[in-house]
Amino acid sequence: MNDNQGRSNFDKIIVVDVNPGNDELTKELIIGKFSKVIKNVSSYQHVVLMSHSNLHLLLKLVSDVGLKNGFLISDYGARIYDLKNNRIIYENAIGQTEVNAIVHYGIMQNALVLASGETREYAYSLDQLNAIALQKRHYLPLLYTNDYAKFSKFIHSLPTFSIMLFQKRRTTMLANFEELNHVIKDWNVTINIGQSSYFIATDVNSTKYQALLRVIEHVKITNFDCVYYYAINSIDEQCLKSFKNHLIHQEIAFNSNYINEFDIQANVDEISDRMYRLTFVNAPTYSNSKKFHTEEVINKELYTEIMQTANITKKNHT
């Protein structure tokens with residue numbers, strides 16, 4: 001048992017942004033090394049696991065790693081789950097008219113459409129290669145059909161909390177994103193680019209950042225300096241710009257698709273083995289209009305424990 005005596009209990013929020021897939025990074029880091037420290041930290045700090053994934057998938061993930069305390073933000077912010085009390089504390093589905101329109105657009109663009117419902121998600125595409133490509137990046141077996149009647153029944157029978165449009169080519173996806181983003185400007189939905197060849201649609205009031213603010217309010221944290229944001233293999237632009245305490249895994253730090261698509265300029269500084277920090281050049285602002293500080297932003301005590309517990313701290317060379 002860890003000795004937490006002398007620590008301030010539950011005065012910080014540790015946010016881990018992940019895209020759990022069927023890959024080595026997920027196995028090695030998310031459900032391997034990093035899960036060990038998250039379980040430890042969750043005994044004395046608030047832990048939030050944040051993802052675009054379906055809630056059912058995230059519940060399976062935390063079951064696999066043994067995390068029993070904290071919060072899950074699923075569906076890119078459309079649902080929030082309290083692990084300790086085993087209950088949903090927030091959810092907001094997309095309107096049915098918008099669901100029908102986005103699904104129709106995705107089909108017309110020959111994209112794979114992945115609808116996320118209450119207890120599962122369901123994918124539709126006429127191109128089986130889309131399903132094969134997405135399955136490689138999906139933590140659970142992908143429920144897939146090319147029968148539109150079955151898919152239509154699914155999206156009309158239950159609330160839909162998020163919709164992913166996935167295409168094998170990122171350039172095609174980006175072009176479709178720009179087109180659809182222009183079309184939906186007066187709808188009650190928002191779309192966000194993911195860290196692969198997809199984008200996610202949710203209700204306009206349900207983004208990762210908005211969901212995180214709801215958790216912060218729920219646990220009565222009043223200072224953004226107490227929020228620590230860790231981008232493992234997923235990253236949210238608004239969270240990155242709003243919370244100065246952050247670490248970024250190399251999966252994010254050296255993939256130009258992730259950083260360069262954001263309207264920011266930043267130097268990437270190595271903090272520890274495979275973990276990095278951005279020092280912003282153009283000083284983005286907090287949501288509360290406070291200026292972003294470019295000095296060292298990692299809380300040493302917490303950071304050291306995270307790195308040591310995960311056993312990925314750089315060894316000192318003599």
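The figures here come from the full heavy-atom set of this structure, side chains too, leaving out hydrogens, waters and symmetry mates.
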Point to revise | Worked check of ring-ring contact (aromatic ring centres under 6.0 Å, His included) between Tyr44 and Phe10 | key: CA-CA 5 Å; Tyr44 64 97; Phe10 297 100; 7.7 Å; no

Review point. Is there a side-chain contact between Ser74 and Ser51 (heavy atoms, below 4.5 Å)?
Key: no

Review point. Does the side chain of Ile200 come within less than 4.5 Å of Met164's, by heavy atoms?
Key: yes

Point to revise | Derivation of the side-chain contact (heavy atoms from CB on, under 4.5 Å) call for Thr190 and Asn192 | key: CA-CA 7 Å; Thr190 183; Asn192 292 274; 4.0 Å; yes

**Study point:** Donor on one side chain, acceptor on other, Asp64 and Tyr139, under 3.5 Å
**Key:** yes

Practice item. Verify side-chain contact (heavy atoms from CB on, under 4.5 Å) between Leu57 and Arg120, making sure each step is shown before the conclusion. Key: CA-CA 8 Å; Leu57 185 152; Arg120 65 188 178 112; over 6 Å; no

Review point. Which atoms form the tightest heavy-atom contact between Gln45 and Lys12, and what is the distance?
Key: OE1-N, 2.9 Å

Practice item. Apply the test side-chain contact (heavy atoms from CB on, under 4.5 Å) to residues Leu129 and Lys168: give CA-CA distance (whole Å), side-chain angles for both, the deciding distance (0.1 Å), then the verdict. Key: CA-CA 8 Å; Leu129 293 178; Lys168 297 186 294 294; 4.1 Å; yes

Check your understanding: Can you say whether the rings of His46 and Phe71 are parallel (under 30°), tilted (30 to 60°) or perpendicular (over 60°)?
Key -> tilted

**Study point:** Side-chain donor-acceptor pair present, Ser42, Asn69, cut-off under 3.5 Å
**Key:** no

Exercise for review: List the atom of Asp147, the atom of Thr145, and the distance in Å for their closest heavy-atom pair.
Suggested key: N-OG1, 2.9 Å

**Study point:** Non-hydrogen side-chain atoms of Leu140 and Lys60 separated by less than 4.5 Å
**Key:** yes

Review point. Between Gln109 and His104, is any side-chain donor less than 3.5 angstrom from a side-chain acceptor?
Key: no

**Study point:** Evaluation steps, side-chain hydrogen bond (donor to acceptor under 3.5 Å, both in side chains), between His156 and Asn100
**Key:** CA-CA 9 Å; His156 285 88; Asn100 296 340; 3.2 Å; yes

Check your understanding: Does a donor on one side chain sit under 3.5 Å from an acceptor on the other, for Tyr229 and Asp17?
Key -> yes

Review point. Do Tyr81 and Asn86 have side chains that get closer than 4.5 Å, going by heavy atoms?
Key: yes

Review point. Is the closest side-chain heavy-atom distance between Leu55 and Ile88 below 4.5 Å?
Key: yes

Review point. Do Asp75 and His52 come close enough that some side-chain heavy atom pair is under 4.5 Å?
Key: no

**Study point:** Any donor-acceptor N or O pair under 3.5 Å, side chains Ser234, Lys208
**Key:** yes

Exercise for review: Test side-chain hydrogen bond (donor to acceptor under 3.5 Å, both in side chains) on Ser206 and Tyr90 and set out the steps.
Suggested key: CA-CA 10 Å; Ser206 299; Tyr90 172 84; 3.0 Å; yes

Exercise for review: Without swapping roles, check the side chain of Gln238 against the backbone of Tyr209 for a donor-acceptor pair under 3.5 Å.
Suggested key: no

Review point. Do Tyr105 and Glu179 have side-chain N/O donor and acceptor atoms under 3.5 Å apart?
Key: yes

Check your understanding: What about Leu126 and Val113, same hydrophobic cluster or not, with Ile/Leu/Val/Met/Phe/Trp/Tyr joined at side-chain heavy-atom distances under 4.5 Å?
Key -> yes

Review point. Going through the distances and angles, do Asn146 and Gln128 end up as a side-chain hydrogen bond (donor to acceptor under 3.5 Å, both in side chains)?
Key: CA-CA 8 Å; Asn146 58 6; Gln128 190 174 7; over 6 Å; no

Point to revise | Parallel, tilted or perpendicular: ring planes of Phe154 versus Tyr122, cut at 30 and 60 degrees | key: perpendicular

Review point. Would you say Val183 and Ile107 are hydrophobically clustered, going by side-chain heavy atoms of ILVMFWY under 4.5 Å?
Key: yes

Check your understanding: Hey, do the aromatic rings of Phe151 and Tyr124 have their centres closer than 6.0 Å?
Key -> yes

Point to revise | Minimum heavy-atom distance Ile216-Phe224, with the two atoms named | key: CD1-CE1, 4.5 Å

Review point. Got a second to check how far Leu61's CG is from Leu49's CG, nearest 0.5 Å?
Key: 6.0 Å

Check your understanding: Without hydrogens or angle criteria, can the side chains of Gln167 and Asn130 be said to hold a donor-acceptor pair below 3.5 Å?
Key -> no

Review point. Are Val41 and Val47 close enough, and set up right, to give a side-chain contact (heavy atoms from CB on, under 4.5 Å), and what steps lead you there?
Key: CA-CA 7 Å; Val41 172; Val47 168; 4.2 Å; yes

Point to revise | Flag side-chain contact, heavy atom, 4.5 Å: Ser125 against Tyr144 | key: yes

Review point. When you measure from the side chain of Ser152 to the backbone N and O of Tyr148, does any donor-acceptor pair fall under 3.5 Å?
Key: no

Review point. Within a strict 4.5 Å, meaning less than it, do heavy atoms of the Leu114 and Phe166 side chains meet?
Key: no

Exercise for review: Using modelled atom types only, decide if a donor and an acceptor are shared between the side chain of Asn85 and the backbone of Arg87 within a distance under 3.5 Å.
Suggested key: no

